[in-house]
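Notes to accompany the following structure.
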Amino acid sequence: NYGLRMSLISHFYEKDNLMSNFSYDAFRQADAVRFYLPGPGGWYEFRTGKYVTGGRSANVDAPLSERPIFVKAGSILPFGPALQYAAEKPADPIRLVIYTGANAQFKLYEDENVNYNYEKGAFSVIPLKYDESSRSLTIGARQGEFPGMLKNRTFEVVWVGRDKPGPCERCGCESAS
């Protein structure tokens, strides 16, 4: 043993909604990492839906095969069907996973996926708004259009909350790693 140890611990924060941490140790598997979740508000562990209060550090299981991911309370995450390539088939239905605990807004953007026509205004946006006090989701009117756009969009809504945690499978994703 030359006393050489390579270790990398990092956090990334995507906008205000996703937090991840990965830990790599070249000589032994890290079973857990110390993870800081910013406050105010709370976070949901992506795979289990377990709620964790923000503004503190927590020990998080972190085998090398899985990266811990947290979703901020008050987030809307869209999931479409698995595709091999962007234009394989229409991305329908769209599963909207609502992480309750705070108000949330999201704009679902769509375009043809195969060209640069979006630069010429060929795209659409559907505004989504979750209101925590009324526990309601408002799906606004679609704005814009593009060739080949679905005329009717199907949404499935999944609620994740302190009283209704849910594993990743409820979100419809196959793997979060």
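In this chain, numbering begins with 1 at the start of the sequence shown. Just so it is clear, the values below take in all heavy atoms, side chains as well, and ignore hydrogens, waters and symmetry mates.
Not a single donor-acceptor pair under 3.5 Å links the side chain of W43 to the backbone N or O of I69. Counting only distance, with no hydrogens or angles, the side chain of E112 and the backbone of N115 share no donor-acceptor pair below 3.5 Å. Panel note: side chain T138, backbone G140; no donor-acceptor pair is recorded below 3.5 Å. Looking at D92, its side chain does come within 3.5 Å of a backbone N or O of T154 through a donor-acceptor pair. Using a distance-only test at 3.5 Å, with no hydrogens or angles considered, a donor-acceptor pair links the side chain of E132 to the main chain of G101. No donor-acceptor distance shorter than 3.5 angstrom exists from the side chain of S124 to the backbone of Q143, with no hydrogens or angles considered.
Environment of CD in E88: crowded, with over 12 heavy atoms of neighbouring residues, nucleotides or ligands closer than 6.0 Å.
Follow the hydrophobic side-chain contacts under 4.5 Å out from F146 and you never reach I126; the two are in separate clusters. Hydrophobic clustering of Ile, Leu, Val, Met, Phe, Trp and Tyr side chains at less than 4.5 Å, counting indirect connections, unites I76 with I139. Hydrophobic cluster membership is shared by I94 and V157, with clusters built from Ile, Leu, Val, Met, Phe, Trp and Tyr side chains linked at under 4.5 angstrom. A continuous path of Ile, Leu, Val, Met, Phe, Trp and Tyr side chains, each step under 4.5 Å between heavy atoms, connects Y116 with Y109, placing both in one hydrophobic cluster.
The existence of a salt bridge linking K50 and E45 is excluded, since no basic side-chain nitrogen approaches an acidic carboxylate oxygen closer than 4.0 Å.
Here the shortest heavy-atom pairing between A104 and S75 reads CB-N, 3.9 Å.
Cation-pi geometry between R162 and Y51 is met: under 6.0 angstrom from the ring centre, within 45 degrees of the axis.
Contact check for T100 versus Y130: side-chain heavy atoms found under the 4.5 Å cut-off.
Between Y44 and F70, the ring centre distance reaches or exceeds 6.0 Å.
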